[in-house]
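Input: a single structure, listed below in structure tokens.
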Amino acid sequence: MSHSVTLRAPEPRDIDKIYLWENLTDEAHTTLRTGPLSRHLIEQFVLGYDGELYSQGALRFMIDVDRETVGTIDVFDYDHRARHAFVGIYVTAPYRRRGIGREAIRQAEQYVVRAVGMHSLAALIARDNEASIRLFSASGYNEVGRLEGWLTDGETRMDAILMQHTL
């Protein structure tokens, strides 16, 4: 991979991109959220973000490639006792299938191992999201379960694949 991938904390300049990405209607079935997020709510999140996994139970990283912001990766639902969490990633379409997602996952994993001694991360992926399943598989995640009918686009139910990587 010839790209320079870096992770960083969200900044006010990211608010509009996050707003757009969080409200993509064609990918709504891949989230457990039931409605859109307002720009105001995202702005409050970014301005109040302290990067502290213990207090917020989550971390958000912006993914930069050659100084252009092309996605985001989240570590969330952190369990401080068992030291595990979920991970989710979004990379804009023009930057997919270039190794950027895999590198972002690798860097996020290294960070949480150093920061809190994270034991494992898990991803919940829509069964029809073959690209995401390939990405997590290539990143060392194994399918450990399937949740039948777990996700919906409002009309159709689909299975969710649970993938886990022990760090």
Side-chain angles (χ1 to χ4, degrees), residues 1 3 5-10 18 21-37 45 49 51-65 70-93 95-167:
M1 181 182 61
H3 301 290
V5 177
T6 57
L7 302 184
R8 62 173 177 80
I18 295 170
W21 297 338
E22 289 287 352
N23 291 301
L24 290 170
T25 57
D26 60 335
E27 298 187 25
H29 73 282
T30 65
T31 181
L32 298 176
R33 196 176 57 251
T34 58
L37 291 177
F45 167 78
Y49 182 75
E52 182 52 57
L53 186 59
Y54 289 117
S55 65
Q56 294 189 334
L59 292 173
R60 170 159 283 193
F61 299 99
M62 303 307 293
I63 304 168
D64 286 352
V65 173
V70 302
T72 184
I73 186 165
D74 296 301
V75 176
F76 58 97
D77 286 347
Y78 173 63
D79 181 323
H80 71 277
R81 184 172 181 204
R83 296 185 191 237
H84 57 71
F86 284 91
V87 61
I89 188 170
Y90 176 79
V91 176
T92 59
Y95 289 89
R96 294 176 186 164
R97 296 186 178 172
R98 295 186 181 185
I100 294 164
R102 191 174 339 155
E103 177 60 16
I105 290 170
R106 186 190 68 76
Q107 288 183 30
E109 288 173 346
Q110 285 182 333
Y111 184 89
V112 296
V113 166
R114 278 193 319 267
V116 297
M118 188 76 71
H119 172 262
S120 68
L121 289 172
L124 192 62
I125 305 167
R127 179 69 190 111
D128 67 349
N129 190 341
E130 294 174 12
S132 190
I133 293 168
R134 279 193 308 273
L135 168 63
F136 280 96
S137 290
S139 298
Y141 288 69
N142 297 305
E143 183 176 331
V144 295
R146 181 180 305 244
L147 300 168
E148 294 181 13
W150 196 259
L151 301 171
T152 184
D153 61 5
E155 297 175 8
T156 307
R157 293 203 156 274
M158 62 205 73
D159 294 354
I161 305 300
L162 182 62
M163 299 185 80
Q164 181 183 10
H165 184 213
T166 301
L167 308 171

Check your understanding: Between Arg102 and Ser139, which heavy-atom pair has the shortest distance, and what is it?
Key -> CG-OG, 3.4 Å
Review point. Can you name the nearest heavy-atom pair linking Ala108 to Ile73, along with the distance?
Key: CB-CD1, 3.9 Å
Exercise for review: Run the numbers on Leu37 and Phe45 for side chain to side chain contact (heavy atoms under 4.5 Å, CB included), then give the verdict.
Suggested key: CA-CA 11 Å; Leu37 291 177; Phe45 167 78; over 6 Å; no
Point to revise | Spacing of OG belonging to Ser132 relative to CZ belonging to Arg96, to within rounding of 0.5 Å | key: 9.5 Å
Point to revise | Side-chain heavy atoms of Phe136 within contact of Asn142, under 4.5 Å | key: no
Review point. Closest approach of Pro10 and Ile18, non-hydrogen atoms and distance?
Key: CB-CD1, 4.4 Å
Point to revise | Test salt bridge (Lys or Arg N to Asp or Glu O under 4.0 Å) applied to Arg8 - qualifying residues, sequence neighbours left out | key: Asp14, Asp64
Point to revise | Summary of ring pair (Phe, Tyr, Trp, His ring centres under 6.0 Å) pairs that have at least one residue in residues 104-131, sequence neighbours excluded | key: Phe61-Tyr111
Review point. Which residue pairs satisfy the salt bridge (charged side-chain N to carboxylate O under 4.0 Å, His left out) criterion with at least one member in residues 77-86, sequence neighbours excluded?
Key: none
Practice item. Could you tell me which residues satisfy side-chain hydrogen bond (donor to acceptor under 3.5 Å, both in side chains) with Gln110, sequence neighbours excluded, listed by chain and number? Key: Arg106
Check your understanding: Arg60: what forms a salt bridge (Lys or Arg N to Asp or Glu O under 4.0 Å) with it, not counting sequence neighbours?
Key -> Glu22, Asp74
Exercise for review: Can you measure from OH (Tyr90) to CD1 (Ile63) and round to the nearest 0.5 angstrom?
Suggested key: 10.5 Å
Please tabulate, for side-chain N and O atoms in residues 158-167, each donor-acceptor pair with protein atoms closer than 3.5 Å (sequence neighbours left out).
| residue | atom | partner | partner atom | Å |
| --- | --- | --- | --- | --- |
| Asp159 | OD1 | Gly149 | N | 2.9 |
| Gln164 | NE2 | Ser120 | OG | 3.2 |
| His165 | ND1 | Glu109 | OE2 | 3.0 |

**Study point:** salt bridge (charged side-chain N to carboxylate O under 4.0 Å, His left out) contacts touching residues 135-145 (sequence neighbours left out)
**Key:** Glu143-Arg146
Check your understanding: So which heavy atom on Phe76 is nearest to which on Gly88, and how close?
Key -> CE2-N, 3.7 Å
Review point. Got Val5 and Gln107 here, is their nearest side-chain heavy-atom distance under 4.5 Å?
Key: yes
Review point. About how many Å separate CD1 of Ile125 and OH of Tyr141, when rounded to the nearest 0.5 Å?
Key: 9.5 Å
Exercise for review: Quick one: list whatever passes side chain to side chain contact (heavy atoms under 4.5 Å, CB included) with Thr156, sequence neighbours left out.
Suggested key: Asp153
Check your understanding: Nearest heavy-atom pair of Leu59 and Tyr49: which atoms, and what distance?
Key -> CA-OH, 3.4 Å
Point to revise | Val91/Arg98 under side chain to side chain contact (heavy atoms under 4.5 Å, CB included): CA gap, chis, key distance, verdict | key: CA-CA 10 Å; Val91 176; Arg98 295 186 181 185; over 6 Å; no
Revision key, fill the gap. All heavy atoms of Ala58 vs all of Leu53, minimum pair found to be N-CD1, 3.6 Å
Review point. How long is the gap from CD1 on Ile133 to CD on Glu130, to the nearest 0.5 Å?
Key: 7.0 Å
Revision key, fill the gap. Between the CG atom in Leu124 and the CG atom in Leu147, the distance rounded to the nearest 0.5 Å is 6.0 Å
**Study point:** With Tyr78 via side-chain hydrogen bond (donor to acceptor under 3.5 Å, both in side chains) - residues at least two apart
**Key:** none
Study note, to complete from the structure: Contacts of Ala131 meeting side chain to side chain contact (heavy atoms under 4.5 Å, CB included) (sequence neighbours excluded), chain-then-number -> Arg97, Asn129, Arg134
**Study point:** OG1-CD1 distance between Thr72 and Ile89, expressed to the nearest 0.5 angstrom
**Key:** 8.5 Å
